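First the structure, in the form of structure tokens, and then the observations on it.
Numbering of residues begins at 1 and proceeds along the displayed sequence. Keep in mind the model is a prediction, meaning the values are calculated, not measured.
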Amino acid sequence: MRAVIFDDVRSQPRVREVAVPEAPDGGVVVKVVATGMCRSDWHAWAGHDDIALPHVPGHELAGVIAAVGNGVTRWKAGDRVTVPFVCGCGTCEWCLAGDAQVCPDQQQPGFTHWGSFAEYVALHAADSNLVAIPDGVEFTTAASLGCRFATAYRALAARAKVKSGEWVSVVGAGGVGLSAVMIAKALGARVVAVDRNPEALAVAARLGADHTVLADGADIPEAVNRLTGGGSHVAIDAVGSEQTCADAILSLRRRGRHVQIGLLPSINGRPRVPMDRVIGWELDLLGSHGMAAVDYPGMMALIEQGALQPQMLIERTIGLEEAAALLPTFDTATVAGMTMIDPAR
């Protein structure tokens, strides 16, 4: 099969012919029809994750089951499926409680093993982790859910518990940030979107953002405070840097809730967070690490009903060769939406 692969951290990815994976016990092999490129893929390429080399990235995917391993009872070849980017073991106390997204023995395609920037990908614990794609949902739409959209959905609905009428500030209007804008509006919130890319802010406005703020050196917390009349009830850092994390936290009103979605790696020591404000204003700091397969039905029903339309967030679809060229620069790419990959191109 053809796959995007890199041999060393920060080396140029190439498209090469590699062996098709075999279905693991309890798992499946999926023929990839669509897969998303995410900032998390860049983090893996940049060496911020512990990966084995050489490596095939990619963790947001949808496709058709091509092979089924021993012990799988719920799925068969030909089934249309997607999967959360965190695949739980299915047997630990967290998985049994419905919290596979924090499973200590989790597998993550594109991180713990070769991922979906390829024509085929192996997935583990299929009976616990696979999600059926309804006939009315396109593969590209389903692939967009696995990381960014599902993470934003759970961050707002389950972690922050956003209420109708609350203000939500979203720092970063890439794929996960735009997902958060759409979902927050569907939950009845008022939204301030912040980004350095005017085109991304224009998309946020089309998705219903009440205000947009261009991060061009402006005082983001002051701007959000002014627009919301005292700060947001909920803030989302959808980028993952010291600056964006601090801007999100400092944009909150007293007793507000901050959800960290963007990865915040410790590159030069632990990242600095304005804990004095957290303590003095009694802010809640929450993490959101994807969403377990058992929580997908509610989100998928809203998509089928048209209340959520993640397909509107897809900016472009590219092939594997373009994906290999784009990955090293994806942290600075001015993307106004999601980039999807079609391995057949």
Side-chain angles (χ1 to χ4, degrees), residues 1-24 26-30 32 35-61 63 82-89 100-126 129 143 146-148 150-151 174-176 239-241 260-271 287-290 320-333 339-341 343:
M1 69 173 183
R2 295 169 65 244
V4 174
I5 191 167
F6 55 90
D7 295 313
D8 295 294
V9 168
R10 292 183 178 268
S11 67
Q12 179 60 52
R14 306 289 183 191
V15 177
R16 295 210 300 262
E17 292 283 338
V18 297
V20 175
E22 295 184 1
V28 299
V29 171
V30 170
V32 180
T35 182
M37 180 176 287
C38 173
R39 188 179 172 94
S40 300
D41 299 309
W42 177 86
H43 278 293
W45 170 85
H48 301 158
D49 295 278
D50 185 15
I51 58 172
L53 296 167
H55 186 67
V56 175
H59 61 287
E60 296 179 305
L61 66 111
T82 185
V83 68
F85 77 90
V86 175
C87 295
C89 68
Q101 76 280 353
V102 295
C103 171
D105 297 316
Q106 63 190 247
Q107 298 288 323
Q108 295 184 25
F111 298 96
T112 60
H113 61 284
W114 282 13
S116 54
F117 288 9
E119 293 179 305
Y120 294 89
V121 63
L123 301 173
H124 298 264
N129 294 302
C147 174
R148 288 166 284 187
T151 297
V176 70
V239 179
S241 72
Q260 187 66 36
I261 292 179
L263 295 177
L264 199 54
S266 55
I267 300 172
N268 297 310
R270 294 296 178 186
S288 187
H289 191 236
L320 291 177
E321 294 284 355
E322 293 171 276
L326 178 61
L327 181 59
T329 65
F330 200 69
D331 65 319
T332 58
T339 297
M340 303 303 295
I341 300 166

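- Ring centroids of H48 and W42 are separated by less than 6.0 Å, placing the two rings close together.
- Panel note: side chain Q108, backbone H59; no donor-acceptor pair is recorded below 3.5 Å.
- Remark: side-chain polar atoms of W45 are paired, donor with acceptor, to backbone N or O of S11 under 3.5 angstrom.
- A pairwise comparison of heavy atoms in A100 and V86 identifies O-CG1, 3.4 Å as the closest pair.
- Residues passing the side chain to side chain contact (heavy atoms under 4.5 Å, CB included) test with P84 are V131, A293, Y296, sequence neighbours excluded.
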Run the numbers on L53 and F6 for side-chain contact (heavy atoms from CB on, under 4.5 Å), then give the verdict. CA-CA 8 Å; L53 296 167; F6 55 90; 3.8 Å; yes
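- Across all their heavy atoms, A44 and G110 have their closest contact at CB-O, 4.4 Å.
- Shortest non-hydrogen contact noted between P343 and A118 is CG-O, 3.4 Å.
- Taking the side chain as every heavy atom from C-beta outward, R39 and D331 approach each other to under 4.5 Å.
- Counting heavy-atom neighbours within 6.0 Å of Q12 CD, excluding the residue itself, gives a total above 12.
- Remark: the backbone N or O of T329 is paired with a side-chain donor or acceptor of T332 at under 3.5 angstrom.
- In this structure, the separation between CG on L327 and CZ on R10 is 11.0 Å, given to the nearest 0.5 Å.
- Residues D7 and R16 are in side-chain contact: their nearest non-hydrogen atoms beyond the backbone lie under 4.5 Å apart.
- Closest non-hydrogen pair, L61 versus P109, comes out as CD2-CG, 4.4 Å.
- To the nearest 0.5 Å, atom CG of residue D8 and atom NE2 of residue H55 are 13.0 Å apart.
- Checked by atom type and distance alone, the side chain of T35 never pairs as donor or acceptor with a backbone atom of I341 at under 3.5 Å.
- When every heavy atom of V176 is checked against every heavy atom of R148, the shortest pair comes out as CG2-O, 3.5 Å.
- How far OG1 of T151 is from CD of Q101: 9.5 Å, rounded to the nearest 0.5 Å.
- For the pairing with V121, the side-chain contact (heavy atoms from CB on, under 4.5 Å) check across V56, V30, V83, V28 returns one residue only, V30.
- Rounding to the nearest 0.5 angstrom, the gap separating the CG atom in D49 from the NE2 atom in H43 is 8.0 Å.
- The closest donor-acceptor contact from the side chain of E119 to the backbone of R2 lies under 3.5 Å.
- Residues C89 and C103 are in side-chain contact: their nearest non-hydrogen atoms beyond the backbone lie under 4.5 Å apart.
- In this structure, the separation between CG on L263 and OG on S40 is 4.0 Å, given to the nearest 0.5 Å.
- Aromatic pair H289/F85: centroids less than 6.0 angstrom apart.
- Only one option out of P57, P328, P54 pairs with P13 in a side-chain contact (heavy atoms from CB on, under 4.5 Å); it is P328.
- Among all heavy-atom pairs drawn from T339 and F330, the shortest one is OG1-CE1, 4.0 Å.
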Show, in sequence, the C-alpha distance, side-chain angles and deciding distance for N129 and H124, and conclude whether the side chain to side chain donor-acceptor pair (under 3.5 Å) test is met. CA-CA 8 Å; N129 294 302; H124 298 264; over 6 Å; no
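- A distance-only check finds no donor-acceptor pair linking the side chain of E322 to the backbone of A324 [under 3.5 Å].
- The backbone N or O of A122 lies less than 3.5 Å from no partner atom in the side chain of W114, so there is not a single donor-acceptor pair.
- For the atom pair CE of M37 and OG of S116, the computed distance is 10.0 Å after rounding to the nearest 0.5 Å.
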